Amino acid sequence: MNVQANLKKVLADIPAHVRLVAVSKTKPVEMIQAAYEAGQRDFGENKAQDLAAKYPQLPQDIRWHFIGHLQTNKVKYIAPFVALIHAADSLKILKEINKQAVKNHRIIDFLLEFHIAREESKFGLTMEAAEKIMYSEEYGQLKNIRLCGVMGMATYTDDTEQIRSEFRQLKGIFQELKEKYFSGAPHFKEISMGMSGDYPIAIEEGATLVRVGSKIFGARS
Ligand SMILES: *Cc1c(COP(=O)(O)O)cnc(C)c1O
């Protein structure tokens, strides 16, 4: 597995305004170090304890993205250093992220995860549920978290037109939120969508962050 060569190939597909999050979940620190040495700085993990274990073993200027479903009792492991939490989808988790952010004297950036796939099993909010959170009095009191955009996962399918329409839907959600609540907020700018199998489509549909794992680090067992 030549991580550096794979990384180069993926980066060749990615325009300058889109950031690559190299998804290193389940992969050893040596592979992450190799990608780092090739210039990669944004990495993604989906298990809080794995990320907390890798963090001290790797360069401190890595921006760590938490891309998985986060449980409230695990937020404390990543709160001191995480750069962006991609998949927040409840007021409960946001309250815990805020609480841990206060403890660590920092502001934690996050994205709201939206349900765009046709599959039932995936996590994520509807627009209605997201607005319910954002309008709640409790949410208004969470001063140590900052909403920076949206995240979504397309259906796992070969039907590229379906994938494209799901990504387009997420872009529409982003634009609606931007116009309604964040028109004067430059930090509300991220659309996290696209994985190894579909990131070129995601980029065409407006992704600002793509999360690519197996195409860089190889298949996971
Ligand atoms: C694992 C994972 C990825 C990367 O998947 P690949 O298909 O290996 O590129 C992206 N996003 C999320 C949320 C993931 O869990």
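None of these values were measured; they are calculated from a predicted model. Each ligand, and each atom within it, is numbered from 1 in the order the structure gives.
For the salt bridge (Lys or Arg N to Asp or Glu O under 4.0 Å) criterion with Glu45, the lone passing option out of Arg63, Lys54, Lys74, Arg211 is Lys54.
To the nearest 0.5 angstrom, Ser24 atom OG is 8.0 Å from Leu58 atom CG. Taking CG from Leu111 and CG from Asp89, the interatomic distance works out to 12.0 Å, rounded to the nearest 0.5 Å.
Taking the side chain as every heavy atom from C-beta outward, Leu147 and Leu177 never approach each other to under 4.5 Å. A 4.5 Å side-chain heavy-atom check between Glu131 and Lys180 finds at least one atom pair inside the cut-off.
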Determine all donor-acceptor pairs shorter than 3.5 Å in which one atom belongs to a side chain in residues 7-19; sequence neighbours excluded.
from	atom 1	to	atom 2	distance (Å)
Asp13	OD2	Tyr199	OH	2.7
Arg19	NH1	Asp42	OD1	3.0
Arg19	NH2	Glu190	OE2	3.1

Show me a pair-per-line table, with atom names and distances to 0.1 Å, of protein N or O atoms that are under 3.5 Å from an N or O of ligand 1.
from	atom 1	to	atom 2	distance (Å)
ligand 1	8 (O)	Ser214	N	2.8
ligand 1	8 (O)	Ser214	OG	2.9
ligand 1	8 (O)	Arg220	NH1	2.8
ligand 1	8 (O)	Arg220	NH2	3.0
ligand 1	9 (O)	Ser196	N	2.9
ligand 1	9 (O)	Ser196	OG	2.6
ligand 1	9 (O)	Gly213	N	2.8
ligand 1	11 (N)	Arg211	NE	2.9
ligand 1	15 (O)	Lys25	NZ	2.7

